[in-house]
Amino acid sequence: KLQTLKYSKSRESELILTPEEKVTTYNNFYEFGTAKQDPAEYAHTLTVNPWQVEITGLVENPLKLNYEDLFNTFDLEERIYRLRCVEAWSMVIPWVGFSLNKLLEKAQPKSTAQYVAFETLNRPSEMRGQSSRFIGGNISYPYIEGLRLDEAMHPLTLMAVGLYGKALPNQNGAPIRLVVPWKYGFKSIKSVVKIHLTATQPQTTWNLAAANEYGFYANVNPKVDHPRWSQAQERVITSGGIFNQQHQPTQMFNGYAQEVAHLYKDMDLTKYF
Amino acid sequence: MIVKCAIHLILLGWAVSVFWLASQDALGADPVKAIIHFYGIGALNLLVLTLVISPAARKFKLSVLMRQRRLIGLYCFAYACMHIICYWWLELNFSPASFVDELVKRPYIWLGMLGFVILLTLAATSPHKAKLRLGRRWQTVHNFIYLASILVWLHFFLSRKADILEPGLYALTILLLLSFRYRKLQRWYKNRPK
């Protein structure tokens, strides 16, 4: 049973939440298989307590957070975010967590630090996709992701430990995951064990697997197509059958342009996609 | 007769019940993806099944099998139609412009479409009348099913993000079934009109 969390409620939001049941049964978490329903079926094999997240690299104060620390070190708050998958569907999810910048400030990045690299747990004995390339989609493990330091320090960038008021279900990246709402979902790495500050741009899993399809930045952008499909529109995962489908135009930076566009001014976003 | 009824019952029943479930939001979190994939994979499976029939009928001396091939082939075509209609409807909102746009831009889409054009041709030439009219050329036309099986497989393989197991198994199956036709294709190639 999932632990109920103490957190400050989000302000009223005009967004319509994706039903909890859909948020927790429609996941891309190849560590448990490539089908959307695989994580919900197989992620129970993962032990999330005890857990340890290490913050290392170019920081004055390297630190480790244990399972309890994830919930007690910072005040938890609810954030209702749009989530846009690179596969052209979207959800609205009430996350519970804390801003990554609070954690980074505690670790005190050195002036030479420019990027933040993230790593998912590597435990083939509990993650069936890591034990077989036929189950895990033939990508390399552990899953790695990265952000520029200014992106990581942005107040919207969240470390989530829960959704819908409870601790994260394993299939959603328990016990702690990244959520970067203006980027495609694959940037929001799940079940994080390492946060490493570096001077050079870190490698990322999907970029290594298919560099022409998945860039380092992966900012949601209706004008830059995925090579195999258009990103101009998205389908909202919500309740209702195929006669009640909701299509909507994709928003620049997934609707967070006002908050984040300045991070990318003077950058050619078709080149740095 | 009983066999044909059973085939209708299973293949039509399946197609309709999955459509019903999708309309009731009872097909997982994303009924759109689910129904498009159901008809797509269904068409691929039925295509493979039609390729199984003639070697199996010969091996086990079951002519009753051969008599079901046309019906299963037509169901393959019907599932492929539903696959394309659902894609156009649910992914592209029936927009003709986006349909053409996707068709031109994405290799996996036009490869699949090419396969579909073959299926359409075979379905159109499946009635007995067409068979009589085409005479010896009928077999030549229907040998294009082998090309269709490769095109449809490519469409399936390229649409996947990273998965290798399922497309790999289909590739092995299709190659095995095509290898049974090696002599036939060789003969056909040698005797082609020059």
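Lettering of chains follows the sequences in order, A, B, ..., and the numbering in each one begins at 1.
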Engineer: Angle between ring planes, B/Phe38 versus B/Tyr79, binned at 30° and 60°: parallel, tilted or perpendicular?
Structural biologist: tilted
Engineer: Need one label for A/Pro19: side chain, backbone, both or neither, based on atoms under 4.5 Å from any heavy atom in chain B.
Structural biologist: neither
Engineer: Quick one: what part of A/Glu87 sits under 4.5 Å from any heavy atom of chain B, side chain, backbone, both or neither?
Structural biologist: both
Engineer: Chain B heavy atoms under 4.5 Å from A/Asn28: which part of the residue, side chain, backbone, both or neither?
Structural biologist: side chain
Engineer: Could you check whether A/Lys183 pairs with A/Glu151 (Lys NZ or Arg NE/NH1/NH2 to Asp/Glu carboxylate O, under 4.0 Å)?
Structural biologist: yes
Engineer: Side chain, backbone, both or neither: which part of A/Arg235 has an atom under 4.5 Å from a heavy atom of chain B?
Structural biologist: side chain
Engineer: Under a 4.5 Å heavy-atom cut-off, does chain B meet the side chain of A/Thr34, its backbone, both or neither?
Structural biologist: side chain
Engineer: What part of A/Ser239 is in contact with chain B, defined as an atom under 4.5 angstrom from a non-hydrogen atom: side chain, backbone, both or neither?
Structural biologist: both
Engineer: Set out, in order, the CA-CA distance, both residues' side-chain angles and the distance that settles salt bridge (Lys or Arg N to Asp or Glu O under 4.0 Å) for A/Arg82 and A/Glu234, then state yes or no.
Structural biologist: CA-CA 12 Å; A/Arg82 283 181 285 264; A/Glu234 65 195 39; over 6 Å; no
Engineer: Answer with side chain, backbone, both or neither: which region of B/Glu166 has an atom nearer than 4.5 Å to a non-hydrogen atom of chain A?
Structural biologist: neither
Engineer: What pair of heavy atoms forms the shortest contact from A/Thr238 to B/Asp25, and how long is it?
Structural biologist: O-OD2, 4.4 Å
Engineer: Output, in order, the C-alpha distance, side-chain angles, deciding distance and verdict of ring pair (Phe, Tyr, Trp, His ring centres under 6.0 Å) for A/Phe216 and A/Phe273.
Structural biologist: CA-CA 7 Å; A/Phe216 174 79; A/Phe273 61 88; over 10 Å; no
Engineer: Taking A/Thr18 for its side chain and A/Ile237 for its backbone only, find out whether a donor-acceptor pair lies under 3.5 Å.
Structural biologist: yes
Engineer: What class does the angle between the rings of A/Phe32 and A/Phe29 fall in, given that below 30° is parallel, 30 to 60° is tilted and above 60° is perpendicular?
Structural biologist: perpendicular
Engineer: What part of A/Gln37 gets within 4.5 angstrom of chain B, counting heavy atoms only: side chain, backbone, both, or neither?
Structural biologist: neither
Engineer: Considering only heavy atoms, give the residues of residues 136-146 of chain A separated from chain B by less than 4.5 Å, sorted numerically, with 'none' for an empty result.
Structural biologist: A/Gly137, A/Asn138, A/Ile139
Engineer: Parallel, tilted or perpendicular: which fits the ring planes of B/Trp89 and B/Phe94, with parallel below 30° and perpendicular above 60°?
Structural biologist: parallel
Engineer: Relative to each other, are the rings of B/Phe99 and B/Trp88 parallel, tilted or perpendicular (30° and 60° limits)?
Structural biologist: tilted
Engineer: Kindly confirm or rule out a cation-pi arrangement of A/Lys190 over A/Phe118, judged by NZ or CZ under 6.0 Å from the six-membered ring centre and within 45° of its axis?
Structural biologist: no
Engineer: Measure distances from B/Leu21 to the heavy atoms of chain A and classify the residue's part below 4.5 Å as side chain, backbone, both or neither.
Structural biologist: neither
Engineer: Ring-plane angle category for A/Tyr30 and A/Trp206, please: parallel below 30°, perpendicular beyond 60°, tilted otherwise.
Structural biologist: perpendicular
Engineer: Tell me which of these, A/Glu213, A/His247, A/Gln245, A/Lys36, has more heavy-atom pairs under 4.5 Å with chain B than the rest.
Structural biologist: A/His247
Engineer: Heavy-atom pairs under 4.5 Å with chain B are the metric here; pick the option from A/Ala232, A/Pro227, A/Ala209 that has the most.
Structural biologist: A/Pro227
Engineer: Are more than 12 heavy atoms, taken from residues, nucleotides or ligands other than B/Phe157, located less than 6.0 Å from that residue's CZ atom?
Structural biologist: no
Engineer: Between A/Lys22, A/Arg228, A/Arg133, which residue shows the highest count of heavy-atom pairs closer than 4.5 Å to chain B?
Structural biologist: A/Arg228
Engineer: Side chain, backbone, both or neither: which part of A/Asn244 has an atom under 4.5 Å from a heavy atom of chain B?
Structural biologist: neither
